[in-house]
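Worth saying up front: this structure is predicted, and the values here are computed from it rather than measured. Whatever order the structure lists them in is the order used to number ligands and atoms, beginning at 1.
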Amino acid sequence: MLDIVIMAAGKGTRMKSARPKVLHTLAGKPLLQHVLETAGSLHAHRMITIIGHGAESVEQSMRAAVPGAPLAFVRQEPQLGTGHAVQQALPLLGDEGTTLILNGDVPLTSAATARALVEACAGQRLALLTIELADPSGYGRIVRDAAAPERVLGIVEHKDASDAQRAIREVYTGMMAVPTAALKRWLARLRNDNAQREYYLTDIVAFAVADGVSVVAAQPAGEIEVLGVNSPLQLAELERRFQRQRADALMEAGVRLADPARFDVRGELVCGQDVEIDVGCVFEGRVVLGDGVRIGAHCVLRDCEIAAGAVVHPLCHLEGARVGAGALIGPFARLRPGAELGAEVHIGNFVEVKNSTLAAGAKANHLAYLGDATVGARVNYGAGSITANYDGANKHRTVIGDDVHVGSNCVLIAPVSLGAGGTIGGGSTISKDTPPGQLTVARAKQVTVSGWQRPKKAPR
Ligand code: UD1
Ligand code: CA
């Protein structure tokens, strides 16, 4: 049986933020959510998070973010060290099996590494995740037996270490897997007679050695897996490294990024062949780009599907939209949830589309609004035209038949239906259905007033 304990009670003083540290986001997702999702993939019996600062908001947001997971939250007040933190979880741990200890502020540990640690423990050894660092300062050092270096003797915290120990470059990453029954015994023995007057979880290593339990060390596949976040600078650095990793993976799959350093995925990005993405784009939620899609500079796409050959010109904002093959979007276009565009649709600058379907070949090229509309094939929707879809209480639909031409600056007051092939004269306010194939004009007739004089200033 596997239990997982995640330490997340610390204040994160160096974040200098009112928000609890573990709720700050990496790639659009709270740090702790990354850890809980990875932990969740190990199918633990229980995932116990130790919380303190901002406990209520941490618990609330994680229950919502990872629904259905076997989550438990335990308060640690006050925070007397990492050993004290795990002590708070003891009543919830089973009597046997393995306990995996993770950190809520180390978001990018892979499931494979966590699993390897649990396997190294095998319910009977103390398994530590360690790594060699060029600059180990601040970390707990792994002290090995000089005569038999495969034997780990203990972890000594930086503040308690001698100069010789500080020279050790192998450090404890903050993650370990422990036989649960032994963990319970060892935690009961912790004392705080050290430089920080804290109960150190790391002291259990020496207890294991004294009890004849073997201590083994496993290493992660990469440093990024064990990097923690303590400050806005570290958060931004980890974000960049993570984004670079994703950019590299996409480029290896053939995606052409103008600049991998100016590229952000906050969710999932699926690309076909010959996709090109210019600088400064942000992809959120799940975005799917078909073969040959081109995304111009500085676009934000959230939960969108863009079909093959479509081009999104610079500075567009697309959310919850489906764009058909060969469509042209932007520059400066906004597609909102429920925008469903057929093949070869053109949406130009300053055009907003919401909850509307546009059939193949329809065009709205300038300064327009289509909300709650069904637009037929090859419709031409003129500059400045809008659907008046909201009467102050309810939304209504506008239906525009195939091949309709809507002139410039029209107001279509929904519910209203324009018959196929019809033409709506520019400047019309359409409040009644229009017949197919004919010209409808709904505006005041133009008159010329003969002999009209401009007003003149009165003499003083
Ligand atoms: C700890 C390790 C150190 C290791 C380092 C890796 C100990 C004694 N030391 O040091 O060997 O190299 O992590 O980053 O364990 N926390 C609580 N309650 C507490 C104290 C901490 O929940 O009372 C949480 C923190 O929120 C954080 C984690 O435990 O998520 C680690 O705490 P931190 O203070 O950063 O440990 P370090 O002193 O850096
Ligand atoms: Ca730390």
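Screening R302, R240, R244, R246 for a salt bridge (charged side-chain N to carboxylate O under 4.0 Å, His left out) involving D264 leaves a single residue, R240.
D163 CG: 12 or fewer foreign heavy atoms inside a 6.0 Å radius. More than 12 heavy atoms of other residues, nucleotides or ligands sit less than 6.0 Å from atom CZ of R256. Atom CD of E150 sits in a crowded spot, with more than 12 heavy atoms from other residues, nucleotides or ligands closer than 6.0 Å.
Residue Y200 has at least one heavy-atom neighbour below 4.0 Å for each of these atoms of ligand 1: 8 (C). Atoms of ligand 1 lying under 4.0 Å from any heavy atom of T202, numbered from 1 in the order shown and given with element: 7 (C), 8 (C), 9 (N), 11 (O), 15 (O). Ligand-side atoms of ligand 1 in range of A85: 17 (C), 18 (N), 22 (O), range being under 4.0 angstrom from any heavy atom. When each atom of ligand 1 is checked for a heavy atom of G140 under 4.0 Å away, the hits are 3 (C), 4 (C), 11 (O), 12 (O). Per-residue contacts place Y172 under 4.0 angstrom from the following atoms of ligand 1 (heavy atoms of the residue considered): 3 (C), 4 (C), 6 (C), 11 (O), 12 (O). Using a 4.0 Å cut-off to heavy atoms of A8, the atoms of ligand 1 that qualify are 22 (O). Atoms of ligand 1 lying under 4.0 Å from any heavy atom of L80, numbered from 1 in the order shown and given with element: 23 (O).
At least one heavy atom of N103 sits closer than 4.0 Å to an atom of ligand 1. Using a 4.0 angstrom heavy-atom cutoff, G81 counts as in contact with ligand 1. Taking 4.0 Å as the cut-off, H84 does not count as a neighbour of ligand 1 on heavy-atom distance.
Contact annotation: for A9 versus ligand 1, heavy atoms closer than 4.0 Å belong to both the backbone and the side chain.
Distances from atom 6 (C) of ligand 1 to the heavy atoms of V86, T173, V226, D105 put T173 nearest. Checking Q79, K159, M7 against atom 24 (C) of ligand 1, the nearest heavy atom belongs to M7.
Polar contact with ligand 1: absent for I155 (N/O pair, distance under 3.5 Å). For ligand 1, none of its N or O atoms has an N or O atom of N230 under 3.5 Å away. Residue T82 has at least one nitrogen or oxygen atom sitting less than 3.5 Å from a nitrogen or oxygen atom of ligand 1, judged on distance alone. Taking any N or O of L201, backbone or side chain, none lies under 3.5 Å from an N or O belonging to ligand 1. Ligand 1 has a nitrogen or oxygen under 3.5 angstrom from a nitrogen or oxygen of Q76. Taking distance alone, with nitrogen or oxygen atoms compared against 3.5 Å, Y139 stays at or beyond that limit from ligand 1. By the 3.5 Å distance cut-off applied to N or O atoms, G138 is not counted among the residues near ligand 1.
Between F263 and F283, the ring planes are tilted. Angles from 30° to 60° get that label.
Looking only at distances, no side-chain donor or acceptor of K16 sits under 3.5 Å from a matching main-chain atom of S231. A distance-only check finds a donor-acceptor pair linking the side chain of T180 to the backbone of G97 [under 3.5 Å].
Interatomic distance, CD of E119 versus CZ of R115, reported as 7.5 Å (0.5 Å rounding). Between atom OG1 of residue T82 and atom CE of residue M176 there is a gap of 7.5 Å, rounded to the nearest 0.5 Å.
By the 4.5 Å heavy-atom criterion applied to side chains, E170 and L133 are not counted as neighbours. For the pair R322 and L341, the minimum side-chain heavy-atom distance is 4.5 Å or more. Within the 4.5 Å cutoff, the side chain of V86 has heavy atoms near those of the L187 side chain.
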